[in-house]
Amino acid sequence: MAVSARRFDIVILGASGFTGKHVLKEALKFLNNFNYLAIAGRDPSKLAQTLNWAARPNAPPPIPILTADTADAASLRALCGRTRLLLNCVGPFRGHGAPVVAACAAEGCDYLDITGEAEFMERVEREYHEQAVKNGALVVSACGFDSVPAEIGFLFHSRQWVGPARPNRVEAYLGLDSERRIVGNFGTFESAVMAVKDLKEMERCRFSRVKPKIPGPPPKGEIIEHQKKIGLWGVTLPSADATLVGRTLSTLTESPHGLPGLNESAEMVEKRKAFWSSVKPAHFGVKLGSKSLLHLFGFIIIGIFIGLLGRFSFGRWLLLKYPSIFTFGGFSKNGPSEEEIASASFKMWFVGHGFSNESLAAQGNTKPDMEIITRVMGPEMGYVTTPIILVQCALVLHSQRNNLPNGGVYTPGIVFGPTDLQERLQQNGISFDVISKSPLST
């Protein structure tokens with residue numbers, strides 16, 4: 001079906017789920033920006049209850065409720081055939097995401113999701129990129145926390161290295177704050193457990209990508225580091241964020257001006273070229289941060305449980321049967337309460353080391369002589385920040401479609417980097433700040 005003939009501008013699939021209901025609640029704030037919004041899932045009655053919850057204290061708006069099941073390919077094709085943009089909130093994505101992407105790629109329907117599952121994203125790119133390009137379906141995974149703060153935060157940080165200055169290494173430290181102890185969503189824990197099972201498959205099928213030229217020697221990062229300036233201990237966090245940044249930088253290496261839009265204005269072409277010319281590649285990693293070294297060791301123990309038990313079917317059964325025990329109460333099947341959500345927030349610090357002049361990096365084993373620290377900060381991650389990010393990505397895609405790539409499977413950074421997404425996030429409670437620029441003792 002031609003895009004202009006599609007009935008729905010945006011459909012939220014899985015709107016009655018843990019995260020989906022909060023995405024719907026956020027989307028209702030911008031109802032006037034969407035001509036036709038609908039929600040979809042397996043159970044229409046549960047969706048109706050969710051719509052009532054999301055609209056309170058107001059009466060629910062007359063939004064169409066559609067039936068679709070990730071296990072029913074025909075229902076997905078029918079849904080995508082009359083939709084311009086699908087927001088997929090049905091996880092875990094390794095088990096439920098591929099059929100949805102397949103339907104979108106086949107029908108030329110744009111697609112955004114909130115996954116952080118690296119294996120799923122690699123598989124989607126491998127299996128559906130060519131079809132998505134052919135049919136004009138723009139497929140962008142990881143449009144939530146912590147991938148977008150990491151990617152857009154990295155691009156923001158990179159652009160602070162102006163003139164001849166060049167970064168060598170940027171390390172992100174993720175710190176979580178809450179007045180109450182917040183319990184994580186079981187779906188997130190399940191994805192982490194199953195990711196261990198998928199490690200071998202992911203390594204076997206990983207793309208061979210072009211690597212950007214980064215000045216200076218490869219950094220020797222430690223598994224555990226202490227950053228005095230931000231007051232955090234950090235332990236390496238195995239997440240998809242570094243992979244996503246690497247994919248964005250690889251695409252940028254092949255296309256230094258970024259990806260051309262479907263029908264860009266001359267103004268947007270110049271804006272896109274200017275944006276990407278100011279981005280400087282660097283080695284990137286993510287660490288989970290804590291003010292307490294004792295708490296950090298607690299994270300490490302949880303990681304060991306997942307890493308060891310996740311390799312075996314019985315171990316995975318134990319982890320998923322008793323998540324609260326193996327995470328010391330950090331995750332549960334009930335998820336956090338509304339009070340816990342309201343009290344939580346995050347800070348992601350970007351500590352970059354590099355050279356005040358690129359020529360210094362060419363002088364053998366010269367160490368970085370410059371440090372820049374930036375920060376991305378916002379509300380609770382999973383049920384506040386993620387819906388804000390997904391809805392703002394949807395608004396950008398909906399209102400600026402001609403300025404975005406025609407179709408294909410891409411990262412949030414390469415698609416949304418040169419748009420006004422960062423400004424939109426700032427207007428909705430997610431801040432981007434430069435903390436310091438200073439010389440390093442060599």
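With 3.5 Å as the limit, one finds no donor-acceptor pair spanning the side chains of Q400 and T419. S324 and S332 are not linked by any side-chain donor-acceptor pair at a separation below 3.5 angstrom, with hydrogens and angles left out of the test. When only modelled atom types and interatomic distance are considered, E423 and Q427 share no side-chain donor-acceptor pair under 3.5 Å.
The structure places NZ of K280 at 11.5 Å from CG of L252, a figure rounded to the nearest 0.5 Å. How far CH2 of W233 is from OG of S292: 10.0 Å, rounded to the nearest 0.5 Å. For the atom pair Y111 OH and L87 CG, the distance stands at 10.0 Å (nearest 0.5 Å). Rounded to the nearest 0.5 angstrom, S239 OG and K287 NZ are separated by 11.5 Å. Rounded to the nearest 0.5 angstrom, L37 CG and L24 CG are separated by 7.0 Å. Here the CZ-OG1 distance, from F154 to T374, works out to 10.0 Å after rounding to the nearest 0.5 Å.
For the pair P281/T253, no side-chain contact is recorded, criterion being any heavy-atom separation below 4.5 Å from C-beta on. A 4.5 Å side-chain heavy-atom check between F416 and C143 finds at least one atom pair inside the cut-off. Using a 4.5 Å heavy-atom threshold, the side chains of L390 and P387 count as separate. Under the 4.5 Å side-chain criterion, counting only non-hydrogen atoms from C-beta, N135 is not in contact with E107. Residues W349 and Q227 are not in side-chain contact: their nearest non-hydrogen atoms beyond the backbone lie 4.5 Å or more apart. Residues M121 and R247 meet the side-chain proximity criterion, which asks for heavy atoms closer than 4.5 Å. At least one side-chain heavy atom of C89 sits less than 4.5 Å from a side-chain heavy atom of I12. Side-chain contact between T236 and I224 is absent, with no heavy atoms from C-beta onward closer than 4.5 Å.
Between the S147 side chain and the G144 main chain, no donor and acceptor come within less than 3.5 Å of each other. In this structure, the side chain of N403 does not engage the main chain of L262 through any donor-acceptor pair within 3.5 Å. At distances below 3.5 Å, at least one donor-acceptor pair connects side-chain atoms of R316 with backbone N or O atoms of G310. Looking at S255, its side chain never comes within 3.5 Å of a backbone N or O of L259 through a donor-acceptor pair. Side chain of R56 to main chain of N52: no donor-acceptor pair is present (N/O by atom type, distance under 3.5 Å, no hydrogens or angles). Although no hydrogens or angles enter the test, the distance criterion places no donor-acceptor pair under 3.5 Å between the side chain of Q392 and the main chain of I389. Panel note: side chain E380, backbone Y383; a donor-acceptor pair is recorded below 3.5 Å. Remark: the backbone N or O of D69 is paired with a side-chain donor or acceptor of S75 at under 3.5 angstrom. No donor-acceptor pair closer than 3.5 Å links the side chain of Q426 to the backbone N or O of I430. A distance-only check finds no donor-acceptor pair linking the side chain of E371 to the backbone of L440 [under 3.5 Å].
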Problem - Working for side-chain contact (heavy atoms from CB on, under 4.5 Å), residues L421 and C393 - result: CA-CA 7 Å; L421 177 62; C393 287; 3.9 Å; yes

Exercise for the section: Apply side chain to side chain donor-acceptor pair (under 3.5 Å) to the pair T248 and E151, showing each step before the final yes or no. Expected result: CA-CA 9 Å; T248 293; E151 268 221 278; 2.5 Å; yes

Handout entry: Derivation of the salt bridge (charged side-chain N to carboxylate O under 4.0 Å, His left out) call for K347 and D177
Key = CA-CA 8 Å; K347 293 184 181 76; D177 297 308; 3.2 Å; yes

Exercise for the section: Take E225 and R169 through the test salt bridge (charged side-chain N to carboxylate O under 4.0 Å, His left out) and record every step on the way to the result. Expected result: CA-CA 14 Å; E225 291 189 84; R169 172 198 179 196; 2.5 Å; yes

Practice task
Evaluate side-chain contact (heavy atoms from CB on, under 4.5 Å) for V384 paired with I341, printing each intermediate quantity in order.
Solution key: CA-CA 8 Å; V384 183; I341 292 172; 3.5 Å; yes

Handout entry: Steps toward side chain to side chain donor-acceptor pair (under 3.5 Å) verdict (T115, D113)
Key = CA-CA 6 Å; T115 187; D113 71 33; 5.1 Å; no

Practice task
Report the C-alpha separation of V148 and L425 in whole Å, then their side-chain angles, then the decisive distance to 0.1 Å, and conclude whether the side-chain contact (heavy atoms from CB on, under 4.5 Å) test is met.
Solution key: CA-CA 10 Å; V148 166; L425 295 179; 4.1 Å; yes

Handout entry: side-chain contact (heavy atoms from CB on, under 4.5 Å) evaluation trace for L404 with Y410
Key = CA-CA 11 Å; L404 304 180; Y410 299 110; over 6 Å; no

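Classification of the F156-F432 ring pair by plane angle, with boundaries at 30° and 60°, yields perpendicular. Under the 30°/60° scheme for interplanar angles, the aromatic rings of W161 and H157 are found to be tilted.
We find that E125 and R123 are not joined by a salt bridge, their nearest charged nitrogen and carboxylate oxygen being 4.0 Å or further apart. Remark: R42 does not engage D72 in a salt bridge, criterion side-chain N to carboxylate O under 4.0 Å. In summary, E119 and R126 do not engage in a salt bridge, as defined by a charged side-chain N under 4.0 Å from a carboxylate O. A salt bridge is absent between E254 and R209: the closest approach of a Lys/Arg side-chain nitrogen to an acidic carboxylate oxygen does not fall below 4.0 angstrom.
Minimum heavy-atom separation, G136 to R401: O-NH2, 3.7 Å. Nearest approach of P219 to H283, heavy atoms of both residues: CD-CD2, 3.2 Å. Residue C109 comes nearest to L86 through the heavy atom pair SG-N, 3.9 Å, listed as atom of the first residue, atom of the second, then distance.
Scored by the side chain to side chain contact (heavy atoms under 4.5 Å, CB included) test, E338 finds H22, W53 as partners (sequence neighbours excluded). Taking E190 as the reference, P92, F186, M194, L320 meet the side chain to side chain contact (heavy atoms under 4.5 Å, CB included) condition, with sequence neighbours excluded.
For F326 and F305, the distance between ring centers is under 6.0 angstrom. When ring centroids are compared, F145 and F346 come within the 6.0 Å threshold.
Annotation: K229, atom NZ; neighbour count of heavy atoms from other residues, nucleotides and ligands within 6.0 Å is above 12. Within a 6.0 Å sphere centred on NE2 of H226, heavy atoms belonging to other residues, nucleotides or ligands number more than 12. Heavy atoms of other residues, nucleotides or ligands lying less than 6.0 angstrom from CZ of F328 number more than 12.
Checking L13, I114, L112 one by one against N88, the side-chain contact (heavy atoms from CB on, under 4.5 Å) holds for a single residue, L13.
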